[in-house]
Amino acid sequence: MQKKLLLIGTGLALITACAKVPITGRSQLNLIPESTMQSMALQEYQSFLSQNKTVAATTSKDAEMVKRVGQRIASAVTRYMTEHNLASEVANYKWEFNLVDSKEVNAWCMPGGKVVVYTGLLPVTQNETALACVMGHEIAHAIARHGNERMSQQVVAQGIQVAGSVALNRNPQAQNIFLQSFGVGGNLGMLAYSRKNELEADHLGVIFMAMAGYNPQEAIPFWQRMAASSGGNKPPELVSTHPSDERRVSELQKLMPEAMKYYTPIKK
């Protein structure tokens, strides 16, 4: 009887928890309250920063660049969401942008706008516009709530009941799913997104960087450099679960006419 009630409750949750991704309009399942996702993310984010060396923007041009690019994209995204009656989607975002000293070629954005770029990525980005491409992509994951989507799928698969304002961050099983969904631990930021999520983040990402005044056409040579950076060995974490290099470039080329409509160069 209890199992039957759980299935009924889950079914109702599935009906009421459908959401749409901004810009693409794709329907997705978001069972987890966004406030819970942000609370869990903040806890893990603070833990990560306490265990890793951040580079101060006051003494590093690279760290200052990360903050500058991030703030421009965040402002552009917030403006877009507000203009399209979606301001509530980012109302509680408390954006932070940190450069972390690590050889790993990676970057990530947690729910609530907590962004980290690793120094190992900068030799591949090579310039501010390519950095905007990466940060736009990672911010897109958060805006599209891909983490919530992946976690919701796991919650349903494991039969965890989600109702109302249940504090999932106090549920050990749900906490474990969060850690798995976001790759928290030694591989924090290796989000287990599907290839559909990755291509969607590419789509939103080039539009976000264009909104912020960065030429989206730089995305194509950047991802080509990223693909070549592995040298035939294990790919960088940032692309380890991504679509094939050929498909990514092909899809980006198709997206350029749309992305360029949003592009107005930054005034020097």
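Numbers here are sequence positions counted from 1.
Closest approach of Gln38 and Asn92 over heavy atoms only: OE1-O, 3.3 Å. Residues Val66 and Met135 come closest through the heavy atom pair O-CE, 3.4 Å. In terms of heavy-atom proximity, Ile139 sits nearest to Trp95 at CG2-CH2, 3.7 Å. In terms of heavy atoms, Met110 sits closest to Ala142 at O-CB, 4.1 Å. In terms of heavy-atom proximity, Glu138 sits nearest to Cys109 at O-CB, 3.3 Å. Taking all atoms of both residues into account, the shortest heavy-atom contact from Ser102 to Thr119 is O-OG1, 2.8 Å.
With rounding to the nearest 0.5 Å, the separation of CG in Asn148 from CD in Gln153 is 10.0 Å. Going from atom CD of Gln253 over to atom CD of Gln217 covers 11.0 Å, rounded to the nearest 0.5 Å. Rounding to the nearest 0.5 Å gives a distance of 5.5 Å between CG of Leu122 and CG of Leu99. Expressed to the nearest 0.5 Å, how far CD of Glu200 lies from CD of Glu251 amounts to 12.5 Å. The line from CH2 of Trp108 to NE2 of His137 is 14.5 Å long, rounded to the nearest 0.5 Å. Remark: Leu252 CG to Gln224 CD distance equals 9.5 Å, nearest 0.5 Å.
Side-chain N or O atoms of Arg225 include one that pairs as donor or acceptor with a backbone N or O of Thr125 at under 3.5 Å. Listed for the Lys103 side chain is no donor-acceptor partner under 3.5 Å among the backbone atoms of Tyr118. The backbone N or O of Leu31 sits less than 3.5 Å from a side-chain atom of Ser152, completing a donor-acceptor pair.
Tyr263 and Leu255 fall into different hydrophobic clusters, where Ile, Leu, Val, Met, Phe, Trp and Tyr are joined by side-chain heavy atoms under 4.5 Å apart, directly or via other members. No continuous path of ILVMFWY side-chain contacts below 4.5 Å connects Met260 to Trp223, so the two sit in separate hydrophobic clusters.
Annotation: side chain to side chain donor-acceptor pair (under 3.5 Å) contacts involving residues 48-61, sequence neighbours excluded, comprise Ser47-Gln51. Applying the ring-ring contact (aromatic ring centres under 6.0 Å, His included) test to every pair with at least one member in residues 55-91, sequence neighbours left out, gives these pairs: Tyr80-His84. Sorted by first and then second residue, the ring-ring contact (aromatic ring centres under 6.0 Å, His included) pairs involving residues 51-77 (not counting sequence neighbours) form an empty list.
Residues Glu258 and Val206 form no side-chain contact, since every pair of their non-hydrogen atoms from C-beta on lies 4.5 Å or further apart. Side-chain contact between Phe48 and Val100: present, with at least one pair of heavy atoms (C-beta onward) separated by less than 4.5 Å. Taking the side chain as every heavy atom from C-beta outward, Glu96 and Tyr45 approach each other to under 4.5 Å. Side-chain contact between Met37 and Asn30 is absent, with no heavy atoms from C-beta onward closer than 4.5 Å. Looking at heavy atoms from C-beta onward, Thr129 lies in side-chain contact with Met209 at the 4.5 angstrom threshold. With contacts defined as side-chain heavy-atom distances shorter than 4.5 Å, the pair Tyr262/Phe208 does not qualify. Looking only at side-chain heavy atoms (C-beta outward), Val124 and Val134 stay at 4.5 Å or farther from each other.
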| request: Dump the intermediate steps for side-chain contact (heavy atoms from CB on, under 4.5 Å) on Met256 and Ile220, then the final yes or no. | output: CA-CA 10 Å; Met256 281 305 116; Ile220 294 174; 4.2 Å; yes
| request: Quick one: do Met151 and Met40 satisfy side-chain contact (heavy atoms from CB on, under 4.5 Å)? Show the steps, please. | output: CA-CA 12 Å; Met151 188 172 173; Met40 297 171 82; 4.1 Å; yes
| query | Given Val21 and His203, is the side-chain contact (heavy atoms from CB on, under 4.5 Å) satisfied, shown in steps? | reply | CA-CA 11 Å; Val21 177; His203 186 170; over 6 Å; no
| field | Audit row: Asp62, Val55, side-chain contact (heavy atoms from CB on, under 4.5 Å) steps and yes/no | value | CA-CA 9 Å; Asp62 287 338; Val55 182; over 6 Å; no
Table please: side-chain donor-acceptor pairs of residues 67-74 below 3.5 Å, with sequence neighbours left out.
{"residue": "Lys67", "atom": "NZ", "partner": "Phe97", "partner atom": "O", "Å": "2.7"}
{"residue": "Arg68", "atom": "NE", "partner": "Glu128", "partner atom": "OE2", "Å": "3.3"}
{"residue": "Arg68", "atom": "NH1", "partner": "Glu64", "partner atom": "OE1", "Å": "2.2"}
{"residue": "Arg68", "atom": "NH1", "partner": "Glu64", "partner atom": "OE2", "Å": "3.1"}
{"residue": "Arg68", "atom": "NH2", "partner": "Glu128", "partner atom": "OE1", "Å": "2.7"}
{"residue": "Arg72", "atom": "NH1", "partner": "Glu128", "partner atom": "OE2", "Å": "3.2"}
{"residue": "Arg72", "atom": "NH1", "partner": "Tyr214", "partner atom": "OH", "Å": "3.1"}

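Applying the side chain to side chain donor-acceptor pair (under 3.5 Å) test to Glu89 and every residue at least two apart in sequence or in another chain returns Arg145. For Ser75, there are no side chain to side chain donor-acceptor pair (under 3.5 Å) partners, not counting sequence neighbours.
Taking a cutoff of 4.0 Å between a charged side-chain nitrogen and a carboxylate oxygen, Glu149 and Arg26 qualify as a salt bridge.
Between the side chains of His141 and Glu198, at least one donor N or O sits under 3.5 Å from an acceptor N or O.
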